[in-house]
Structures are given as structure tokens and as C-alpha cells.
Protein chains: 2
Amino acid sequence: MTRMHKENNLSKNQQIIFDLIDRSSEPLKAYTILYNVQKKGINAPPQVYRALDKLVEIGKIHKIESKNAFVACKNSDCEISKATAFSICESCEVVDEISDVKLSKYLSSFNHKKGMKFKRFNLEFFGLCKKCK
Amino acid sequence: MTRMHKENNLSKNQQIIFDLIDRSSEPLKAYTILYNVQKKGINAPPQVYRALDKLVEIGKIHKIESKNAFVACKNSDCEISKATAFSICESCEVVDEISDVKLSKYLSSFNHKKGMKFKRFNLEFFGLCKKCK
DNA sequence: TTAGAATTGTTATAATATAACAGCATGTAA
DNA sequence: TTACATGCTGTTATATTATAACAATTCTAA
Ligand SMILES: [Zn+2]
Ligand SMILES: [Zn+2]
Ligand SMILES: [Zn+2]
Ligand SMILES: [Zn+2]
């Protein structure tokens, strides 16, 4: 059984699942993850979803809501996932995390007319990538 | 059986489901919709999902991706759903469609570094509404 | 060392969404 | 008129995504 170390803030299952997502070139779905970690002893959906929830919470991964899939954060962990933006190709389905300081600042400071103060946003752009257009 | 009229571009099931969503004060989930239209003869999930797909396609409703729920467009049908933005209260779950021309223009003209040309975006802001904060 | 918090393992089930097939209505072209 | 295409409908079954509930173990901090 893996010992927890202070310098590593991920648990065993969290690390296994993060590594898989981080090495993937495309967003991974929960059950795809499950199939791929069964050889490592993760057998059931709740184990996957728990790890995913935690990884999202701490900003190591993001959920692409329109695809129910997960990608590793490429963006120094996105201030704990408060401001996420993605580009999604509607043809080849490639997903890129957008790191644009101006965009992020603009949206983080956006205030709704109706007096709501935002803590977080998620933005998904759709189109055709260079290869597909 | 309802006759199709040229002046009405929605079919019978589409109209029933649109009316329900339009009258609702909150986003509705597909199976909530199903339960509420069974008295009108819509019995099975595919009938609901087909109507929802079409209504989304023509911009009469939008899907709130983070909630798997649907709202009527409050915004003259959003140029056929090319540019959607919502505020979502994390406490009471109230959802508002944001109609902000500056925001919409800013995002519609945003171009990704990697040369992708965007056709569409969806933005979801999260926070606490006036009542909940 | 002990109590609380976090994580794990497990079974079962809930909630969301689509495949596949058949029928009917409308519009258009031969 | 017939024939065909398109779009909508109805139906059964199934696939996919996600959580409830409970017991046990491991980690952390006091
Ligand atoms: Zn990120
Ligand atoms: Zn592409
Ligand atoms: Zn709209
Ligand atoms: Zn609220």
C-alpha cells in the first residue's frame, strides 16, 4: 500500500487517475478512465468519480462540460479552477485550454447587471481547428 | 392530430415542450420535462430529446451544460445560439441568461492564438445571487 | 495515542442520453 | 398520379454518466 508523503498532495487513486489524464492527448471520459485503471486495482465508478471530483476541486484537471470529459490543467493549476476557457474543434474534437491573460481578466472582472458577484466561470469556444477548416 | 402550419415553425411535440420550458422559472431537466408532458401523450425519452435537440438547434432554448438542464432563450433567439452566457447561483441555483452586447461582441471576436476560428461559444458564470450573498 | 478527516473498496441503483426500427404526414419532382 | 425525400412521431430496448449507502482503512494533527 502506498504511503502518503507530505510533498505529494495526491492520494494513490488520485495520482493514478491524474497521470492517465495528464498523459492523454485528448479529454478522457470517466468510464474510459475506469477501463484504463482497472489493471491498477481501481474497480468501480465511485473510485473514479471521487478522484475526479477532488482533482477538479484542487485545479489539477478541468471538466469539459459539453463533453463530459476531463483534461489536465495546462495553466499552473488555474488559480484553483476559478477561470477556465477552452477551444473545442467540432470536427476532430481536439480540445485546448486557452491561457489568455486579457480574456481571463476581462471575464473575472465582469459584473452582472443584476448585482451578482461571480466567483468562477467556464467558457467553451467551438469551431474548426487549423487542420479541420 | 395537430396540423402543421407554415406560420408556426414548431411541431406539436416541440411546441408542447417549448411551452413548458418557457413558462418555467427555472432550468428544466429532460426527465422532469418528460414527467410533465406525459399527460399530453409524450411517453418516452427520445420524444423529449428530439424536441430538445431541435429547439436548441433553432435557438429557442439553451442547454445549461453544467446542470444538464434547459432554459428558454430570453434574448430574441440568440442569433441561433451562437453566443450564450449565463449566470448561475451556486446556492439557490437560479439561472439568468446574460444579454450584454459588449461581452457578446468581445467574445465573438476573440481569436485563439493557435489559429482556430470560433463559430460559437457558451459561457457560464457561477457565484451568489443578490438574495443568497 | 487517539479522535477526526480523508480515502478506499464494494454493491447497487439513479439519472441522463441514444440506437434502432416502423409508421405517418407533407412537399416536390417525374 | 406516382414516387421519392424529408421531417416528425411512437416505441422498445439499451448505453452512458453519475451517485447513494455502508464498512473499512489510512492519514493528520493535537
Ligand atoms: Zn487550467
Ligand atoms: Zn479539428
Ligand atoms: Zn438566448
Ligand atoms: Zn441565489
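Below, chains carry the letters A, B, ... as their sequence lines are ordered, and counting in each starts from 1. Predicted, not measured: the structure shown is a model, and the values here were computed from it.
Every residue two or more places apart in sequence or in another chain that forms a side chain to side chain contact (heavy atoms under 4.5 Å, CB included) with B:Ser24 is listed here: B:Glu26, B:Leu28.
As a whole-Å value, the separation of A:Lys54 NZ from D:dT19 C1' is 18 Å. Remark: P of D:dT11 and OH of B:Tyr49 are 18 Å apart, rounded to the nearest angstrom. Here the C1' atom of nucleotide C:dA17 and the NZ atom of A:Lys67 are 16 Å apart, to the nearest Å. One atom, CG of B:Leu52, and another, C1' of D:dC8, lie 15 Å apart when rounded to the nearest Å. Atom CG in B:Asn9 sits about 14 Å away from atom C1' in D:dC8, given to the nearest Å. Nucleotide D:dC27 holds its P atom 14 Å from the CG atom of A:Leu10, rounded to whole Å. Between the CD atom of A:Glu65 and the P atom of C:dA17 there is a distance of 12 Å, given to the nearest Å. In this structure, the CG atom of A:Asp53 is 10 Å from the P atom of D:dA18, given to the nearest Å.
With respect to B:Glu90 and A:Arg120, a salt bridge is recorded, a charged nitrogen being found less than 4.0 Å from a carboxylate O.
Separation of the B:Phe126 and A:Phe121 ring centroids does not fall under the 6.0 Å cut-off.
Among C:dG9, C:dT7, C:dT18, the nucleotide with an atom closest to any side-chain atom of A:Ser11 is C:dT7. When distances are taken from the side chain of B:Arg50 to each of C:dA20, C:dT8, D:dA18, the shortest belongs to C:dA20.
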ask   = Can you list the steps and then say if A:Ser87 with A:Asp96 is a side-chain hydrogen bond (donor to acceptor under 3.5 Å, both in side chains)?
value = CA-CA 5 Å; A:Ser87 77; A:Asp96 265 315; 4.6 Å; no
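In this structure, a donor-acceptor pair under 3.5 Å is absent between the side chains of B:Asn36 and B:Gln38.
Side-chain atoms of A:Lys63 do not come within 3.5 Å of backbone N or O of A:Asp53 as any donor-acceptor pair.
Regarding contacts with the backbone of C:dA6, every side-chain N or O of A:Asn13 stays at 4.0 angstrom or more from both OP1 and OP2. For the OP1/OP2 pair of C:dT16 and a distance below 4.0 Å, the side-chain nitrogens and oxygens of B:Lys63 include no atom meeting the criterion.
The shortest heavy-atom contact between A:Asn9 and A:Gln14 is O-OE1, 4.1 Å.
Sorted by residue number, the members of residues 26-47 of chain B with any non-hydrogen atom under 4.0 Å from DNA chain C read B:Lys29, B:Tyr31, B:Pro45, B:Pro46.
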